[in-house]
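What follows is one structure encoded as structure tokens, with my remarks underneath.
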Amino acid sequence: MKPEEFFAALSEKGIVLNDTQKEQFETYFHELVETNKVMNLTTITEKEQVYLKHFYDSLILDFFDSALITDTISICDVGSGAGFPSIPLKIVNPNLKVTIIDSLNKRINFLSGLVKKLGLDDVNLVHGRAEELGQNKQYREQFDLVTARAVASMTVLTELCLPFTKKGGQFIAMKADKATEELDSATYAITLLGGKVEKQESFELPNEAGLRNLIFVNKTKETPNKYPRKPGTPARKPLIKK
């Protein structure tokens, strides 16, 4: 997907970018590729693939959640890596209040420099483990929307992300083709941690680049205080009903 095709595809979805936003995506691509030469940020570096599998893929949330475009909401991106999906979402939706959590400080440093070069405000970068920060009152149950993209299984993601989601807010997991299978396994954890599945949406990326699934989980109750558990525990001992 060439940049021009990217802009046209967004326009078809009702998202029309101005010149500044187009330049921000070009700067993002340049910074990603240059930094990737000295730091492992992504295996995808070819320009057309970055625009399709990182930028466009990140913006699928905009196709299904109009609140991102119309409202000033707080979003927490857990395990963001090189800034996906939150930085593309922030470029397109400047009113978003973004918090990015990542366990590697070198990625946070990259994002800090990127945010400055892109001229973005209301972006808070936090270095730390989601399991620990989810117990921190500064972040626990503070966000309207919490998202994660291809970080872990749905069961693990639920324990990492729902504690950050405020009651009445929403956790949206961005998954690939095994989403339904993962959701079946995660139902117990979702209920235990105060969530309720609202819906699952599927979307086929252009150019036969693959299927994407979004799982929308509403936060209906507060998460019990003992969750999330200690770092590493959600992955080693996922919350599966026995």
Side-chain angles (χ1 to χ4, degrees), residues 39-44 57-58 75-86 99-111 124-143 145-167 169-198 200 210-242:
M39 181 193 310
N40 183 24
L41 293 171
T42 177
T43 59
I44 300 171
D57 192 13
S58 293
I75 177 173
C76 180
D77 186 0
V78 178
S80 178
F84 307 119
S86 52
T99 294
I100 293 176
I101 291 172
D102 200 273
S103 61
L104 288 183
N105 199 41
K106 63 181 181 179
R107 288 200 289 251
I108 292 295
N109 289 337
F110 161 72
L111 291 171
N124 183 29
L125 304 171
V126 184
H127 171 231
R129 295 288 297 263
E131 297 98 324
E132 295 174 333
L133 294 171
Q135 292 288 357
N136 186 324
K137 292 182 180 180
Q138 184 177 353
Y139 306 106
R140 185 178 179 87
E141 300 189 322
Q142 296 298 311
F143 299 96
L145 174 63
V146 179
T147 190
R149 177 176 176 260
V151 175
S153 72
M154 186 63 192
T155 302
V156 175
L157 279 186
T158 296
E159 186 169 355
L160 298 182
C161 294
L162 269 182
F164 292 106
T165 312
K166 66 169 59 172
K167 186 178 178 181
Q170 195 169 60
F171 159 45
I172 305 177
M174 306 178 73
K175 307 296 295 183
D177 53 355
K178 294 184 178 180
T180 300
E181 177 183 329
E182 289 193 21
L183 181 56
D184 289 341
S185 298
T187 301
Y188 172 73
I190 291 171
T191 302
L192 178 67
L193 300 174
K196 181 179 180 181
V197 177
E198 178 193 5
Q200 178 180 336
L211 183 69
R212 295 293 181 266
N213 286 279
L214 302 180
I215 300 173
F216 295 77
V217 179
N218 295 331
K219 184 73 172 285
T220 59
K221 298 183 296 183
E222 293 182 355
T223 299
N225 290 333
K226 65 179 180 179
Y227 301 109
R229 294 166 292 169
K230 294 180 180 180
T233 305
R236 291 196 309 271
K237 300 179 179 180
L239 295 172
I240 299 174
K241 190 172 183 179
K242 298 178 181 179

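- Annotation: ring pair (Phe, Tyr, Trp, His ring centres under 6.0 Å) contacts of Phe143 (sequence neighbours excluded): none.
- Between the NZ atom of Lys221 and the CG atom of Leu192 there is a distance of 8.5 Å, given to the nearest 0.5 Å.
- Residues Thr158 and Glu182 fail the side-chain proximity criterion, which asks for heavy atoms closer than 4.5 Å.
- Side-chain atoms of Leu239 and Arg229, non-hydrogen and from C-beta on, do get closer than 4.5 Å to each other.
- When all heavy atoms are compared, the tightest approach of Ile172 to Thr147 is O-OG1, 2.9 Å.
- Between the Ser103 side chain and the Gly128 main chain, no donor and acceptor come within less than 3.5 Å of each other.
- For the atom pair Leu104 CG and Arg129 CZ, the distance stands at 9.5 Å (nearest 0.5 Å).
- By the 4.5 Å heavy-atom criterion applied to side chains, Leu157 and Phe171 are counted as neighbours.
- Judged purely by atom type and a 3.5 angstrom limit, Arg140 uses its side chain to pair as donor or acceptor with the backbone of Gly134.
- Between the Asp77 side chain and the Ser86 main chain, a donor and an acceptor come within less than 3.5 Å of each other.
- Smallest separation of non-hydrogen atoms from Leu125 and Leu111: CD1-C, 3.6 Å.
- Thr99 places none of its side-chain heavy atoms less than 4.5 Å from the side chain of Gln142.
- Residues Met154 and Val217 have side chains in contact (heavy-atom distance under 4.5 Å, counting atoms from C-beta outward).
- Rounded to the nearest 0.5 Å, atoms CG (Asn213) and CD (Gln200) are 5.0 Å apart.
- For the pair Arg212 and Asp57, the tightest heavy-atom approach, listed with the atom from each and the gap, is NE-OD2, 3.0 Å.
- Using a 4.5 Å heavy-atom cutoff, the side chains of Leu162 and Tyr227 are not in contact.
- Formation of a donor-acceptor pair under 3.5 Å by the Gln135 side chain with backbone atoms of Pro228 is found in this model.
- With contacts defined as side-chain heavy-atom distances shorter than 4.5 Å, the pair Val146/Val78 qualifies.
- A search for side chain to side chain donor-acceptor pair (under 3.5 Å) contacts involving Asn218 returns Gln170, not counting sequence neighbours.
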Review point. Does the pair Thr187 and Val197 meet the rule for a side chain to side chain contact (heavy atoms under 4.5 Å, CB included), with working shown?
Key: CA-CA 8 Å; Thr187 301; Val197 177; 5.8 Å; no
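- Residues Thr233 and Glu131 have side chains not in contact (no heavy-atom distance under 4.5 Å, counting atoms from C-beta outward).
- A distance of 11.0 Å separates NZ of Lys175 from CD of Glu181, quoted to the nearest 0.5 Å.
- Of all heavy-atom pairs spanning Asn124 and Tyr139, the tightest one is ND2-CE2, 4.1 Å.
- With a 6.0 Å radius and a threshold of 12 heavy atoms from other residues, nucleotides or ligands, Glu198 has its CD atom above the threshold.
- Taken from NZ in Lys167 to OG1 in Thr220, the straight-line distance is 8.0 Å, to the nearest 0.5 Å.
- Contact detail for Gly81 and Asp102: the closest heavy-atom pair is N-OD2, 2.9 Å.
- Scanning for side chain to side chain donor-acceptor pair (under 3.5 Å) contacts around Thr223 gives Lys219, with sequence neighbours left out.
- Nearest heavy-atom pair, Leu41 versus Ala82, reported as atom, atom and distance to 0.1 Å: CB-CB, 4.2 Å.
- Rounded to the nearest 0.5 angstrom, Ile240 CD1 and Ser153 OG are separated by 7.5 Å.
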